[in-house]
Each structure stands twice: as structure tokens, then as C-alpha cells.
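Remember, it's a predicted structure, so these values are computed and weren't measured experimentally. A, B, ... follow the sequence lines: proteins, then strands. Residue 1 opens every chain.
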There are 2 protein chains.
Amino acid sequence: MGRPSVKAQRSSEILDAFETCVARYGVEGATLERIAAEAGLARALIRHHVGNRDDLLKALTRRFLAQSERHQQDLLDYLPEGDRVLSLIDLLFDHSQSDQNFVLVAEALIAAAGERPELAAQLADWVHSFIALIAAELRREYDAAAADAIDAVAAGIAGIYFNVDSLTTLGDMGGLRQASKQAALRLVRSIELDHESR
Amino acid sequence: MGRPSVKAQRSSEILDAFETCVARYGVEGATLERIAAEAGLARALIRHHVGNRDDLLKALTRRFLAQSERHQQDLLDYLPEGDRVLSLIDLLFDHSQSDQNFVLVAEALIAAAGERPELAAQLADWVHSFIALIAAELRREYDAAAADAIDAVAAGIAGIYFNVDSLTTLGDMGGLRQASKQAALRLVRSIELDHESR
DNA sequence: AAGTTAATTGTCAAGTATGATAATTTATAG
DNA sequence: CTATAAATTATCATACTTGACAATTAACTT
């Protein structure tokens, strides 16, 4: 009965466009006009399907966190039995352009969180969970390692990963991505060496 | 002859306010209205003393790069004779809140560089020079180390440093800062260990 | 074909942002 | 005190952004 709803489809398209704009212009720069242009729809439809600016940001945050959770699960499922940590680092540092927006959106949200306490809390949890994922894999492989060492190395790998992706806006940065990956691998090796020199 | 000019003083105040707004709202969110309110002057004075939006951003970028250069020089002058690398890491990771805006502004500029090729080029140079500074200290202390190792560790330390400061907008992140510092120290140690296991 | 539901389009009003220019005030020199 | 140069204030025009609502069109059911 009645015209079939495309709300789910449209909402998804709108959030795609919003995501693109956030990655490109930041949260403050992602105006409804730009989003509408990017999505190829009238601005009024954004309001109709998703709501006002605040609703948009909440919806994007929700989707971002949900996608991230799924993404993390996929990541874990994809890791082989052996050398899981090395595989993880390969995935983090050799990923394709398609996921590039992911970190850019994350950085934009983090920057915008300064004025939005609720968002800040959600993202703080998110960062912690990402670091925890890395830490869990490290623990699994180096179960005799000290907790401090695991925490430091996990934080370091996560930091290097976020940083190198956020610098993609600057264009080609020479061998920075490779150097960053090598740094991450060195952190991993530092755990092995802890182990030996005991 | 005539009223004494306060242009230099006002320009500096205006750029201070702009910097604060950029750190808080991002480049796109730092409107002339907000800057004027932050600086406590009429919006027209911004135009009078510095110019339009574009002039503002160029001026801020110029000042940022100049300050950064001085800051780096001060840093080097401050480092002691021995244990320079450890001192450097102390300075990077234990710095006071006063410099906090520094990295936030840098992150905001980097995010905005996606749409501004000229800015991107300047910041790419800036990042490289920062990494080069770390690399130079590493080389000075570990002159027998492989170039690859130096590059990787320098990139890693820089990445970890940028990342942890950009996360300050999320509030207290537990022991993340300490863990990050430990990760940086581990990277340094990894060079020493390379050396031994040769 | 009529009814119904939702998408889509059109339009309006209020608020904000920017750029430009004219008028005014203020601080100094002579 | 007067001339002068610069800061400051006032005002205007234009464009952008957002939110809200009415009108229309499209797709489906019975």
C-alpha cells in the first residue's frame, strides 16, 4: 500500500555524501548544500530522510562506529593462524585507497569532538577498542610479554597507523608509509627482544 | 606624524585568535565572526589589519612555519650533550599544555590542505623537516646504524607524537600518553639492539 | 480508476558570513 | 591648535546556510 519507501537507500547515500564531505572539508565545512550536491539530491531531501545537521552527525557517527566494529571483526576473521601480528600490520599499512576515507573521517570526527562531549566519549571508546584489538593480538602471540610492553607497542602501532593515513591529504610523502610500517614492525620485534634478554 | 600604528600588535592578536579558533573549530569553522569575538575586536578590523580569509590563512601558515622553525632551533639548543635523544623524547611527550595548540593547529592545517595544494606542499616540507630533525639526532647518537633503521624510527616517533596530541580533544585517554612515550623509547632502543645483534 | 503513502520539488523566512566603503575618532608631530 | 595618518566604528550589499512548510509527483494496493 502506497509508494515504496527508499528511505534506507537514500539515507545511506546521504551518509556516503556526508562522509565524503567530512573527509574533504571537515565536520564544520560539510554544509548541507555540499552534501546535497555530492549526493545529487535536493537539500530538502536530506532533511526529509535523515534530519537536521545534528541528526546527520549522530547518524554518521553511529554508522561509522558500526562499520568499524564490523571491519574489525572481518580483520580478525581474515588473520591466519600463524604470524597474525605481521599479517595485521600488513593489512593496516598496505590497505587500498578505498578505506582511505575511513581514517580521514575518524580524524575529522576527533577534531570536532572538542566541542561535542558526547562524541568525544564515543570516540575515546573507539580508539581504546582499536588499541585493545592490537594489544589482544600481541598478547596472543607473545603471552609471556609484560603488560606494559604490550600496551606501549599497541599504542605505538595505532598512533603510527592513524598518523600516516591522516597525512595522505598532503599528497605523496616519499617513503613515509613504508618507513611507518617498518617502525610498526620494529615495535613488534621489540617485544620479542624483551623476551630474549630476560 | 599621525597616529602611531598598532598594526603589528593587532595582527599578532588577530592571528592568535585565528589560531585558537582553528584549533577549536578547524579551518572551515574558524569564521571571521568567531575570530573577532575571540580577539575582542570588530570584524572590520580583521580585514583592515590582515585582510580577507585567504590572507588570514596565508599569514597564519607563515607564522606557524616560522614559529615552528624557531621552536625546533630552541629544542636543539636545549638538548644536553649526552642522551640527547632521550631528552628529545622527554620534551616531545612531557610538554606543557601551552604548546598543545601547536599540534592541533598543525592537524587542522593538514586536514585543510586537501583542498589547498600550495598549503599541502608547505606542510609536506614541514613534516619532512620535523622527521629529519629526529633522524639527525638519532644518527648523531647511533652513527653506525643503518639508514633504513634511522628513517623508520624517526617516522615512527614523529607519528606517535602527532597522534597522541591530536587525541587530546577526546579528553583524558587513560595512560595513552605514557604508553606512547614508552613506544617511542622502544623504537630508540630497537636501534641499539640492531647494533648489538650484528 | 480511486485511494494512499511517501518521495520529490518549490518556496519562504531567519540567521550568518563575507567583502567593501564611508564616516568618525584618536594619537601624534610641528 | 592644526594638520595628518592611522585606528576604529558604522553601514550596506551580497551571498550562503539552515530550517520549515506547502504543493506536486510517483508508485503501489484494492
Exercise. Mind running a 4.0 Å heavy-atom check of residues 34-64 of chain B against DNA chain C and sending the residues that fall below it, in number order?
Key: Arg43(B), Arg47(B), Asn52(B), Arg53(B)
Practice problem: Verify the distance criterion only: is there a donor paired with an acceptor across the side chains of Glu13(A) and Gln9(A) at less than 3.5 Å? | Solution: yes
Quiz item: Between atom OH in Tyr25(A) and atom C1' in dC16(D), what is the gap in whole Å?
Solution: 15 Å
Practice problem: For the residue pair Arg189(B) and Arg186(B), establish whether any side-chain heavy-atom pair is separated by less than 4.5 Å. | Solution: no
Quiz prompt | Residue list, ring pair (Phe, Tyr, Trp, His ring centres under 6.0 Å) with His71(A), at least two apart or on another chain | solution = Phe102(A)
Quiz item: Heavy atoms, side chains only, cut-off 4.5 Å: are Ile160(B) and Leu187(B) in contact?
Solution: yes
Quiz item: What integer distance in Å separates Leu32(A):CG from dT18(D):P?
Solution: 4 Å
Practice problem: For residues Leu32(B) and Ile35(B), determine if any side-chain heavy atom of one lies less than 4.5 Å from a side-chain heavy atom of the other. | Solution: yes
Quiz item: Any Lys/Arg nitrogen of Arg116(A) or Glu28(A) sitting under 4.0 Å from an Asp/Glu carboxylate oxygen of the other?
Solution: yes
Quiz prompt | Thr31(A) side chain, from C-beta outward: closest of dT8(D), dT18(D), dA7(D) | solution = dT18(D)
Quiz item: Within the pair Ser5(B) and dA5(D), is there a side-chain N or O less than 4.0 Å away from OP1 or OP2?
Solution: no
Exercise. Report, as a single string ordered 5' to 3', how protein heavy atoms within less than 4.0 Å touch nucleotides 22-30 of chain C: B base, S sugar-phosphate only, - not at all.
Key: ---BBBBS-
Quiz item: What is the ring orientation for Tyr161(B) with Phe93(B), classed by angle as parallel under 30°, tilted 30 to 60°, or perpendicular over 60°?
Solution: perpendicular
Quiz item: To the nearest angstrom, how far is Glu33(A) atom CD from dT16(C) atom P?
Solution: 17 Å
Quiz item: Closest approach of Leu79(A) and Arg84(A), non-hydrogen atoms and distance?
Solution: O-NH1, 3.5 Å
